[in-house]
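Have a look at the structure below before the remarks.
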There are 2 protein chains.
Amino acid sequence: MRIGELAKATGTKAETIRYYEREGILPAADRTDSNYRDYSDNHLAALTFVRRARQLGFSMAQVRELLDLSDRADKPCQEVDELVREQLEEVEQRIVDLSSLRDELRLLLRSCQANRIDECRIVGSLARPLRRVAR
Amino acid sequence: MRIGELAKATGTKAETIRYYEREGILPAADRTDSNYRDYSDNHLAALTFVRRARQLGFSMAQVRELLDLSDRADKPCQEVDELVREQLEEVEQRIVDLSSLRDELRLLLRSCQANRIDECRIVGSLARPLRRVAR
DNA sequence: CTTGACCTTGTAGTTGCTACAAGGTGCATA
DNA sequence: TATGCACCTTGTAGCAACTACAAGGTCAAG
């Protein structure tokens with residue numbers, strides 16, 4: 001399977017796949033006579049794993065860890081568990097942060113009742129008196 | 001006021017302030033005889049505005065728009081309103097996305113009941129059979 | 001035999017900073 | 001007076017995780 005096919009099958013751009021290979025996240029593919037990358041079903045599974053982990057918000061570094069761990073079939077899976085737990089906590093924290101951000105924006109929106117910018121409390125509550133410079 | 005003071009007053013690193021100036025987000029400061037940047041209270045207010053908007057999740061491009069708009073005191077503030085509304089929608093969408101992500105991670109955590117990685121359903125549900133390459 | 005879709009490598013751009021390096025300035029202290 | 005130290009200057013490079021070229025090679029269809 002060529003890179004374009006693999007890309008389509010996983011919803012990943014070909015350039016991203018090459019990038020993963022450069023970064024050692026994915027193993028290098030075989031090459032055809034004409035030097036095209038030639039992927040197996042194993043590559044498909046590997047890329048699926050990576051993409052799924054990325055979608056779950058794991059960083060590249062975390063994905064690397066997950067890959068390392070999943071290579072060691074005999075190890076207790078406590079460490080995998082731990083990684084997932086950390087990621088969950090991070091996501092929960094981000095939700096908390098975004099929620100208070102959302103509340104602030106809602107307040108801001110409600111504060112605009114004027115018609116002109118110099119009367120607008122949105123601008124006022126961001127508070128900015130200075131003229132800016134051109135780029 | 002020198003850059004370090006302004007930095008402390010706004011909780012911004014000096015390097016970030018210089019970056020904002022380079023990017024035209026902040027107007028250039030006056031210079032002392034020894035070529036140090038010399039800031040006024042107006043600069044303080046401007047930087048406060050920028051930092052506040054950034055904390056609210058507005059991109060640099062959006063901050064630029066907000067700055068442009070707030071320069072035009074006579075305009076109706078509909079556009080400011082619109083920007084805030086867009087940002088609010090984006091934040092709300094991000095909360096939705098992160099929430100389903102959180103749910104998936106919770107499921108993943110609950111699915112791990114085995115002791116060895118080759119029996120671990122977390123790794124299994126990320127599904128990855130291929131050996132990786134060294135960096 | 002040419003067109004067009006694909007592939008190759010290598011390099012540079014994105015966002016919003018952050019971190020140097022190499023040198024100049026300003027002020028307190030020995 | 002010297003000197004040490006915190007501060008300032010410019011310029012450049014790095015971060016994450018891609019994305020977007022450019023310049024050229026390959027291959028099948030018409």
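In what follows, chains are A, B, ... by sequence order, proteins preceding strands, each numbered from 1.
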Value in whole Å for how far the [atom2] atom of [N] lies from [atom1] of [X]:
| X | N | atom1 | atom2 | value |
| --- | --- | --- | --- | --- |
| B:Leu56 | C:dG16 | CG | P | 14 Å |
| A:Glu21 | D:dA17 | CD | P | 19 Å |
| B:Asp33 | C:dC27 | CG | P | 12 Å |
| B:Leu47 | C:dG16 | CG | C1' | 14 Å |
| A:Asn35 | C:dC7 | CG | P | 13 Å |
| B:Arg31 | D:dC8 | CZ | C1' | 10 Å |

N/O to N/O distances under 3.5 Å, protein versus nucleotides 22-25 of chain D:
{"unit_1": "D:dG25", "atom_1": "N2", "unit_2": "A:Tyr36", "atom_2": "OH", "d": "2.7"}

The bend of the helix from C:dC1-D:dG30 to C:dA30-D:dT1, taken between the axes of its five terminal pairs at each end and rounded to 10°, is 30°
Which residue lies toward the 5' end of DNA chain C, B:Thr16 or A:Ala14, if each is placed at its nearest nucleotide? A:Ala14
Sorted by position of nearest nucleotide on DNA chain C, 5' first, the leading residue of B:Ala61 and B:Thr32 is B:Ala61
Ring pair (Phe, Tyr, Trp, His ring centres under 6.0 Å) filter on A:Tyr36, not counting sequence neighbours, yields none
A:Tyr20: ring pair (Phe, Tyr, Trp, His ring centres under 6.0 Å) partners, not counting sequence neighbours: none
Tell me whether B:Asp68 is salt-bridged to B:Arg64, with the criterion being a basic N under 4.0 Å from an acidic carboxylate O. no
Could B:Arg85 and B:Glu90 be called an ion pair, given the rule that one side-chain N must be under 4.0 Å from one carboxylate O? no
Phosphate OP1/OP2 of [N]: any [X] side-chain N/O under 4.0 Å:
| X | N | value |
| --- | --- | --- |
| A:Tyr20 | D:dC18 | yes |
| B:Arg37 | D:dT9 | yes |
| B:Ser34 | C:dG26 | yes |
| B:Arg22 | D:dG11 | no |
| B:Ser59 | C:dT15 | no |
| B:Arg51 | C:dC17 | yes |
| B:Lys13 | C:dG16 | no |

Quick one: closest heavy-atom pair of B:Leu101 and A:Leu56, and the distance? CD2-O, 3.1 Å
Acceptor/donor pairs from residues 92-99 of chain A side chains to any protein atom, 3.5 angstrom cut, sequence neighbours excluded:
{"unit_1": "A:Glu92", "atom_1": "OE2", "unit_2": "B:Arg106", "atom_2": "NE", "d": "3.4"}
{"unit_1": "A:Glu92", "atom_1": "OE2", "unit_2": "B:Arg106", "atom_2": "NH2", "d": "2.8"}
{"unit_1": "A:Gln93", "atom_1": "NE2", "unit_2": "A:Asp97", "atom_2": "OD1", "d": "3.0"}
{"unit_1": "A:Ser99", "atom_1": "OG", "unit_2": "A:Ile95", "atom_2": "O", "d": "2.7"}

B:Glu5: what forms a side chain to side chain donor-acceptor pair (under 3.5 Å) with it, not counting sequence neighbours? none
Applying a 4.0 Å non-hydrogen cut-off, can you work out what A:Arg2 is touching in the nucleic acid: base, sugar-phosphate, or nothing? sugar-phosphate
Sorted by chain and residue number, the salt bridge (charged side-chain N to carboxylate O under 4.0 Å, His left out) partners of A:Arg102 (sequence neighbours excluded) come out as none
Could I get the full list of side chain to side chain contact (heavy atoms under 4.5 Å, CB included) partners for A:Ala14, not counting sequence neighbours? A:Ile3, A:Arg18
For B:Asn35, which residues count as a side chain to side chain contact (heavy atoms under 4.5 Å, CB included) partner, sequence neighbours excluded? B:Arg31
